[in-house]
Number of protein chains: 2
Amino acid sequence: MSAPGSFVHQYSLNEVFASRLRLAIFSERNLSKRNSSLPVTLLTTAKPKDSMLTGFGSASRSGGLVDLGHRATIEDVAARAGVGVGTVSRVLNQQKHVSRVMREKVEVAIAELNYRPSRLARALSKGGSDIVSIVAPYITRPSVVARIDSCLAGLNRVGIVASLFGVFNRAQFDQVIDTLSDRHSTMALVVVSIPVTDAQARGLRSANVNLVGLDIDVAGSDSVFVDNIHGGEIVGTHLLSRGYHQIGFIGDADSGKFQFTSTDARLCGLRSALRQGGSSLEIGHIKLCEHGTSQAKECAMELLTSNRPPDAIFASSDTGALGVLSAANELGVRVPEDLGVVGFDNLEMAAVVGLSSVLQPLSLSGEIVAERLIRQLTQSDAHPVHTMLDLELVERTSTSRVPNLVRQLQPTT
Amino acid sequence: MSAPGSFVHQYSLNEVFASRLRLAIFSERNLSKRNSSLPVTLLTTAKPKDSMLTGFGSASRSGGLVDLGHRATIEDVAARAGVGVGTVSRVLNQQKHVSRVMREKVEVAIAELNYRPSRLARALSKGGSDIVSIVAPYITRPSVVARIDSCLAGLNRVGIVASLFGVFNRAQFDQVIDTLSDRHSTMALVVVSIPVTDAQARGLRSANVNLVGLDIDVAGSDSVFVDNIHGGEIVGTHLLSRGYHQIGFIGDADSGKFQFTSTDARLCGLRSALRQGGSSLEIGHIKLCEHGTSQAKECAMELLTSNRPPDAIFASSDTGALGVLSAANELGVRVPEDLGVVGFDNLEMAAVVGLSSVLQPLSLSGEIVAERLIRQLTQSDAHPVHTMLDLELVERTSTSRVPNLVRQLQPTT
DNA sequence: CACGTTTGATCGTTACCCTCG
DNA sequence: CCGAGGGTAACGATCAAACGT
């Protein structure tokens with residue numbers, strides 16, 4: 001019985017970790033100090049943990065299951081079925097050269113022991129894992145999770161469960177990519193919104209990791225993205241056509257953190273459309289702030305209370321546009337009469353509050369990525385495809401100066 | 001050189017996968033069929049993939065890096081440093097019995113080869129991995145991602161990068177838990193909102209996986225959650241105190257999918273508060289629908305256009321409450337004069353639209369879970385702690401009957 | 001020579017047991 | 001006899017080659 005030893009591993013592993021966790025002691029203390037002044041109630045602190053340490057007792061808890069005290073290995077199965085491990089492996093991998101009798105014997109043993117092959121050992125042996133990973137920033141943002149969710153759903157449809165890494169900055173992103181650039185770690189990788197360097201792409205390729213870009217273009221790999229410059233142009237053209245001329249812009253300032261390009265691109269497009277329309281964008285009418293409703297609201301407040309307030313504001317996200325609407329409402333500025341407002345992403349909430357917004361096919365983008373990924377995994381000779389999705393302005397009341405159109409609340413999803 | 005062979009692995013691996021992907025062919029075809037009628041533009045379909053197959057070329061791309069053609073192993077490092085693998089391992093794990101000279105030699109070799117130990121091989125050898133996993137449903141919901149995000153942030157602070165599994169139903173959840181119930185797969189696991197069965201908890205424990213419940217209570221494990229019944233009570237009491245008596249309820253109907261309990265609990269609390277206040281909840285005033293703004297809006301429409309419309313509606317989420325507000329607005333029902341509206345979660349958007357809502361400390365819950373987890377990993381003798389966080393009603397205009405406080409953000413006439 | 005089965009090498013690390021100064 | 005380092009079984013699987021019938 002090697003089980004007792006296996007429990008010791010837990011401790012040694014923790015000790016290894018302890019060195020990396022020295023920081024934790026502090027943040028932990030701070031946290032618990034904070035907690036004491038917060039609405040936290042400790043209910044119980046009980047439970048003996050003997051059962052955790054033994055784990056043996058009551059051999060057959062349910063059905064005909066046999067409890068070995070540790071997770072069954074292929075060897076346990078082989079022993080119980082009275083065959084060699086190779087035979088079990090062949091059964092597992094649906095290979096030939098296994099007689100009906102043996103196969104059944106093995107299957108019975110597998111069921112009895114509740115055996116599951118270790119993905120780790122399998123990956124190590126095969127020289128590649130069967131895991132699909134997704135790396136994404138800002139998983140709290142609706143536009144990001146909408147993409148991820150539909151991508152997950154698409155992968156799920158064929159039985160793939162992907163694991164998601166949410167990163168907070170470039171350094172962390174780089175670290176995750178580095179970890180994943182290992183033939184054993186992952187079979188495929190979807191990177192959302194964060195630009196991938198050539199070196200990183202090369203590293204992944206040489207580790208046989210299939211890379212797909214979602215909301216970014218990656219040279220030499222599949223990718224699905226939109227033309228943000230064009231998105232800005234659409235907005236500019238639309239606002240001009242509605243008779244707005246003093247256009248303001250509120251965008252995300254955190255571009256440097258991940259080297260995002262979407263805000264810049266949209267601003268660039270807006271500028272170009274205004275220029276073409278004989279208008280222009282005043283420096284004072286451009287505000288950059290952290291992504292968020294309240295942050296955008298502040299910016300809008302500044303713009304609207306300035307000497308030369310704009311008569312329309314383009315927020316580079318619906319989340320921000322909501323802040324603009326809120327600011328206008330608070331200041332008594334009428335939308336759309338005194339102020340036109342346009343957002344980006346066309347989230348569900350845009351329809352609810354009557355916000356004009358640029359529709360980018362978020363869930364479609366995720367689906368296509370899933371599709372591309374599946375194709376890469378099935379067809380090894382697939383060439384990289386760069387897919388650009390079109391953008392489209394969904395016009396609602398926030399830019400409509402015609403009163404009788406105000407009732408138009410239902411969008412074209 | 002074993003490199004050429006390693007590339008072949010890719011293909012064989014794909015073939016193994018192909019059998020599981022038979023379904024994919026169909027969904028793929030369907031998808032691409034659909035695409036043809038959608039705004040999709042294919043830009044390029046080029047790029048030779050020779051470089052992918054060789055991976056050797058240009059030996060030293062940057063600095064003094066040496067390219068072996070394959071990811072360096074501990075053996076490569078040992079060879080280059082002129083030592084045995086054991087020594088390299090000792091250096092890597094900060095162990096004793098390594099002289100200064102040797103350590104430096106090894107470190108140089110590691111740098112030159114850009115060597116990273118394989119987590120897989122390490123986990124297999126040590127009998128346990130150093131990965132932290134999170135399993136959660138509905139990652140598109142703000143309340144869920146808010147929790148996850150703060151938990152990730154807390155873990156990140158001490159250098160832990162967790163991987164997140166988004167699941168779509170019970171079966172998938174069970175599958176993920178089963179996969180993770182392997183001593184090699186993960187060191188710790190956070191389960192969000194989905195009830196964990198005793199058998200699952202036992203399985204995880206016997207695999208030495210530290211389990212923490214977030215938004216659920218797990219017997220025998222750390223967990224952080226709220227008292228949803230009390231949440232319902234708070235709302236009921238508040239509405240009664242504002243003079244609302246015909247209370248309606250709109251909740252999520254998908255409870256069965258994951259066996260969620262929060263909607264039921266909140267309804268139960270609401271009922272009990274009304275009963276105590278001498279009122280009651282009419283059967284016809286209870287609506288259950290899929291989670292979402294538009295779905296809740298439909299339910300609200302039905303309620304408000306019925307023979308006996310309620311004078312207040314409690315939606316079990318802010319997302320739903322937004323739909324209620326939208327419905328009221330569309331029907332010309334004044335909020336809060338004719339209709340009181342209360343939501344749950346107190347998302348940022350609640351403040352923007354003046355929605356009264358029950359504040360549950362979403363990000364705090366994630367932080368505490370991170371803290372508990374770190375404690376478990378550092379102190380092996382920690383007892384399980386069940387933490388219940390308090391709820392609190394944030395009162396805004398949607399339940400305030402003083403007319404001049406009413407703010408109307410929606411595009412009303 | 002088919003077919004079924006066992007055996008041993010391999011994947012990259014760690015842990016343990018040696019052997020030297 | 002101790003401290004520094006070298007070999008070599010594990011870990012749990014896959015796969016090819018050898019082996020009986």
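Bear in mind that the values here come from a model prediction, so they are computed numbers and not experimental data. Numbered from 1 within each chain, the chains take letters A, B, ... in sequence-line order. Because only heavy atoms are used, hydrogens play no part in the values below, and waters and symmetry mates are left out as well, while side chains stay in.
- Distance B:N93 CG to C:dT14 P: 5 Å, rounded to the nearest Å.
- Between D:dT14, D:dC11, D:dA4, one nucleotide has an atom nearer to the side chain of A:S125 than all others, and that is D:dT14.
- A:S118 comes within contact range of the sugar-phosphate backbone alone, with a heavy-atom separation under 4.0 Å but no base atom that close.
- At whole-Å resolution of the value, CZ in B:R119 and P in C:dT13 are 12 Å apart.
- When the P atom of C:dT13 is taken as reference, atom CG of B:D130 falls 13 Å away, rounded to whole Å.
- The residue A:Q95 sits close only to the backbone: its heavy atoms come under 4.0 Å of sugar-phosphate atoms, none of a base.
- Distance, A:R90 CZ to C:dG4 P: 10 Å, rounded to whole Å.
- Here B:D182 does not pair with A:R119 in a salt bridge; the nearest charged N to carboxylate O distance is not below 4.0 Å.
- Between A:R103 atom CZ and C:dC3 atom C1' the separation is 14 Å, expressed in whole Å.
- With hydrogens and angles disregarded, a donor-acceptor distance shorter than 3.5 Å links the side chain of B:R205 to the backbone of B:G220.
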Practice problem: Carefully, step by step, assess B:Q200 and B:D174 under the rule side-chain contact (heavy atoms from CB on, under 4.5 Å). | Solution: CA-CA 8 Å; B:Q200 289 174 326; B:D174 293 342; 2.8 Å; yes
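- If you check every strand for non-hydrogen atoms under 4.0 Å, B:V85 touches a base.
- Distances were taken from every side-chain heavy atom of A:V98 (C-beta onward) to each of C:dT5, C:dT13, D:dT14; the shortest belongs to C:dT5.
- As rounded to whole Å, 13 Å separates atom C1' of C:dC17 from atom NE2 of B:H97.
- Look at CD1 on A:I74: it is 14 Å from P on D:dC11, rounded to the nearest Å.
- Looking at the side chain of A:R183, the nearest of the listed nucleotides D:dG5, C:dG12, D:dA13 is C:dG12.
- Distance B:R100 CZ to D:dG5 C1': 18 Å, rounded to the nearest Å.
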